[in-house]
Structure formats: C-alpha cells, structure tokens
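Working notes for the structure below.
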Amino acid sequence: MPSGSQCVTRRAITCAVAGLIIGSLLLTGCVTRHPVPLEAQDEPSIAGFANIRYFPLTDVEPMREAIRQSFLTEGPDSYETLAPGWRRYNYLAISGGGSDGAFGAGILNGWSRKGNRPRFKVVTGVSTGALIAPFAFLGSAHDPEITEAYTTVHPDRIYSIRNLISILWEESVADNQPLKELVNTYITSDLLDEIAVEHAKGRRLYVASTNMDREEPVIWDLGAIASSRDPQRLDLFRSVLVASASIPAIFPPTLVKVQFGDKQYDELHCDGGVFFQSFFIGAIVDLRALVREAHPDYTGRLVQDLYVIRNGSTSPNKKQINRGLRSISERAIATMIKVSGINDLYRLFLSTEHDNIGFYFVSLPADYVMTTDEEFNKEEMNRQYQLGYKLGAEGIPWRRLPPGYVLKDQRTSIAAH
C-alpha cells in the first residue's frame, strides 16, 4: 500500500470518486457554515476593506475604474521609456499547475540571471501561480524565496491525505494545513509593506479564486489588501492565496468572512483554476483606451506586451491507459485541466490581438518527460526548476501563437515559429 506521502494525483482522484459515490449513497452530512442568502450574494462586503476584489463576469466597471486609477497614479517605475515619445508596459500572467510551478519559478530566476527581466506593470496569478505572483511582482530581489519554496518542498509540506472513512464526513480528500503553514512562513507583514509601496506607484498585483456559491471567479487586488491599515490584512492576504490554490474535492475550500447588514456570513472559495488557469486584465478591460484616458496629453508610441508562464505542458502526453475507474478518471481529469490551460492561451492571445498587445508564452518543452506522476515530488520539481532556469538564463523560447493556432493569412502554424 502507498504511504501517506504518495502520489496525490492518483490516490486523491480515486478516493474523491469513491468518496463521492459512497457519500451520495449514504447521504452524508456537510460541514456547518453560514452562507450568504441567495438574494444578497451580490451585496456582501469584507469588514474593514474596500475595493479589494472584482467580479469580471458580472460587473466590470469597478475593475475598469481601479485600473484607470493605476494609470493616473503611476510613476516611471510602471513602464519603460524606450525612446523619446515611446512607452512600453509589460504584463505578466502566471498560470496554475500544482508542482509544475517549479518550472515557472526557474523561468523567473533564469530570466533574472539573463538580465533582461522587465519590471511589470501588472502581475496576475492563479493557483500555484498565485503563490509565485507576489514575489514575481516585487522583482528579482525575491528570487531566493521562490527558489527555496519550489526546490526544497515535498508532499508532507503541502498536504496530508485523509483516510478513506473520514472522507465520508470531510469536504476534501486531503488536509492542506501544511500548505497554510508554508504560506504563513513566506507571506509576512514586511512583504505586504513592500507590495503596498509598489501599489502606491500604480503597479498592480491580482490573483483569482472561485466563489463557489456565486459560481463566479473573483479577482483579488492583493496590493489593495496589502495597503490596508486593517489589522486583518495579513490573514486575508494569506487566505486569498490559499483559496486560489485549493483544488476542490482534493483540498478543503477557504471560508471568507463577509458582512451583510449587521450579520456576518461566509463565502466558499476554491481554486481560481476552476474558471481559468491564467488570466489577463486586458481580456477584461480595454487597456489602450484606459492609458489614453488617464494620460490624454501623451501622444507618443504606446507598446504593450503580455508574457504568460504556463506551468505545465501544452503538448499531448502519450500513455497506454488501462480500463478501470481510477485510470480513466485520472486521465480524463488531467486532460481537461491541460486543455483548460490551452484554451486560456487562446483567450489571452485573441484579446491581445484585438488590442494590439504583444503576446508571448512559454511552457514545458514538448520533449520533456516526467519521471513520476507524484505531485510535489522534490526530485521532479528540481528537474523542472533547473530546466526553467536554463531556458531563462539562455534566452526564453517565447512562442507567439497558441498551440495549434493557424495564421490564416500565412497558412502556417505555431510549429513553424
């Protein structure tokens, strides 16, 4: 029998399926909570905080105004001055991918070693990308934290598997208390103070979670949270990161306390990857229009580039799949997650094409072969980190088109680029 630190990918999915089937047959109860009433789910606020989160599917205007303000208050740290009359904004989106985040960590650190890593106007992250995003936002000075977190970690520092019987009354296959402790180690008040300084300069740091009650993604403004004087800012910041990385059914969801009227309720938040593996604010608002609106006197050349780090592969992974509930479920779920990430690349590419923004993405090379299916395997993570570092230091092989996308005017595919 596998030990408690065995592969979460295979056993967790198997246990989750078995637990759901058995649980549905036995009509098990659920964990007690105080959900927001259905008629009030668009209204609750988080006591002590204002303008810290946005709902991109149902109410874009608040986020549009927040980004407009970021251009109004920005300093020269927010962009590059290329030549007289030329200004470039750089954006970074870091995807989900679990322990494949080691690849993205290596890319960032190698990029620093190369010496041409930009200072980003906006950094976004989902799931493991959300955990990396604060350090990527602050710049190369925080590369050591990323290196340590993604090269010294092992499964027991991320989760502990519950026994099969306890799954019947628990809300997840694994307990993510070790992950919470890891987040608490790296996310400190001093780190939030640094983020608040950059936020005041007009730079923005966003991560996404999924509000399971509303069936809607939530984009959190971590810079606004860090800038708050509320004593709960550190707890909320940490909770949002854990929520963004909490795979539903595998890890327990995060309860976010909210206020409606004079009563307190809670919202159920899980992995932002339920909705998207990566996101870019340019797919939500018209960045070019906001720049012109905030700087009406600026008449020079405007250049904007989006860099996407896809933590994982975008290429088919050939295997021989056995017939059986576990093997078929595992393969189907893994494939759906991969395709979700690829679809996000298409969505981001099309939004940049529409707004004349440069699109660049990198993922695990097509010829990369995993040595194990185990999530958070230390040796495999170090392999991915070293590969990412090598690519970053030698010059990242950015791809300009999503996988399989055909340029209709040239009749060529990404494979030719």
Side-chain angles (χ1 to χ4, degrees), residues 4-20 23 30-31 94-104 125-133 149-150 153-162 164 166-167 170-183 207-213 215-218 220 238-256 267-279 310-313 326 329-341 343-344 373-377 380-381:
S5 62
Q6 81 305 336
C7 173
V8 72
T9 304
R10 291 183 176 177
R11 184 180 175 190
I13 290 173
T14 304
C15 291
V17 172
L20 288 172
C30 59
V31 179
I94 312 173
S95 84
S99 56
D100 290 345
F103 173 73
V126 178
S127 198
T128 195
L131 303 179
I132 297 172
Y150 280 89
V153 75
H154 51 81
D156 290 341
R157 293 190 68 192
I158 303 298
Y159 62 85
S160 59
I161 295 291
R162 307 184 197 276
L164 182 58
S166 71
I167 293 174
E170 293 288 354
E171 53 192 348
S172 64
V173 169
D175 182 2
N176 64 349
Q177 182 59 35
L179 174 62
K180 294 178 181 178
E181 294 171 1
L182 193 65
V183 168
V207 302
S209 69
T210 297
N211 184 321
M212 299 182 75
D213 296 311
E215 196 181 30
E216 186 171 3
V218 181
W220 298 85
R238 289 169 170 172
S239 292
V240 168
L241 292 185
V242 171
S244 182
S246 295
I247 306 168
I250 306 301
F251 294 149
T254 297
L255 290 179
V256 176
E267 295 175 344
L268 207 60
H269 287 254
C270 70
D271 198 320
V274 170
F275 267 90
F276 33 56
Q277 296 292 311
S278 54
F279 71 98
R310 172 62 197 152
N311 289 310
S313 173
R326 188 182 79 173
S329 298
E330 178 188 1
R331 183 65 162 179
I333 292 173
T335 301
M336 285 190 290
I337 292 172
K338 175 184 283 188
V339 173
S340 172
N343 288 342
D344 285 324
D373 287 333
E374 180 185 3
E375 279 285 341
F376 304 104
N377 177 278
E380 176 63 27
M381 291 177 71

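Source: prediction; values computed, not measured.
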Problem set entry | Under 3.5 Å: donor-acceptor pair, side chain of N311, backbone of G104 | yes

Exercise. Can you find a heavy atom in the side chain of D271 that is under 4.5 Å from one in the side chain of V126?
Worked result: yes

For this session: May I ask you to test the T128-S99 pair for a side-chain heavy-atom distance under 4.5 Å?
Result: no

Between atom [atom1] of [X] and atom [atom2] of [Y], what is the distance when rounded to the nearest 0.5 Å?
X: E181; Y: I158; atom1: CD; atom2: CD1; result: 11.0 Å
X: K338; Y: R310; atom1: NZ; atom2: CZ; result: 9.0 Å
X: T335; Y: E330; atom1: OG1; atom2: CD; result: 9.5 Å
X: T254; Y: H269; atom1: OG1; atom2: NE2; result: 8.5 Å
X: I247; Y: I337; atom1: CD1; atom2: CD1; result: 6.5 Å
X: T210; Y: L268; atom1: OG1; atom2: CG; result: 10.5 Å

Exercise. How about E215: does its CD atom have over 12 heavy atoms from other parts shown lying under 6.0 Å from it?
Worked result: no

Exercise. If we ignore angles and hydrogens, is there a donor and acceptor under 3.5 Å between the side chains of Q277 and S95?
Worked result: no

Exercise. Looking only at side chains, do E380 and N377 share a donor and an acceptor under 3.5 Å apart?
Worked result: no

Distance-minimising heavy-atom pair for [X] and [Y]:
X: M381; Y: F376; value: SD-CA, 3.5 Å
X: S127; Y: S244; value: N-OG, 2.9 Å
X: F279; Y: G125; value: CE2-O, 3.7 Å
X: A102; Y: Y150; value: N-CD2, 3.4 Å
X: L179; Y: A245; value: CD2-CB, 4.4 Å
X: E374; Y: P155; value: OE2-CG, 3.2 Å

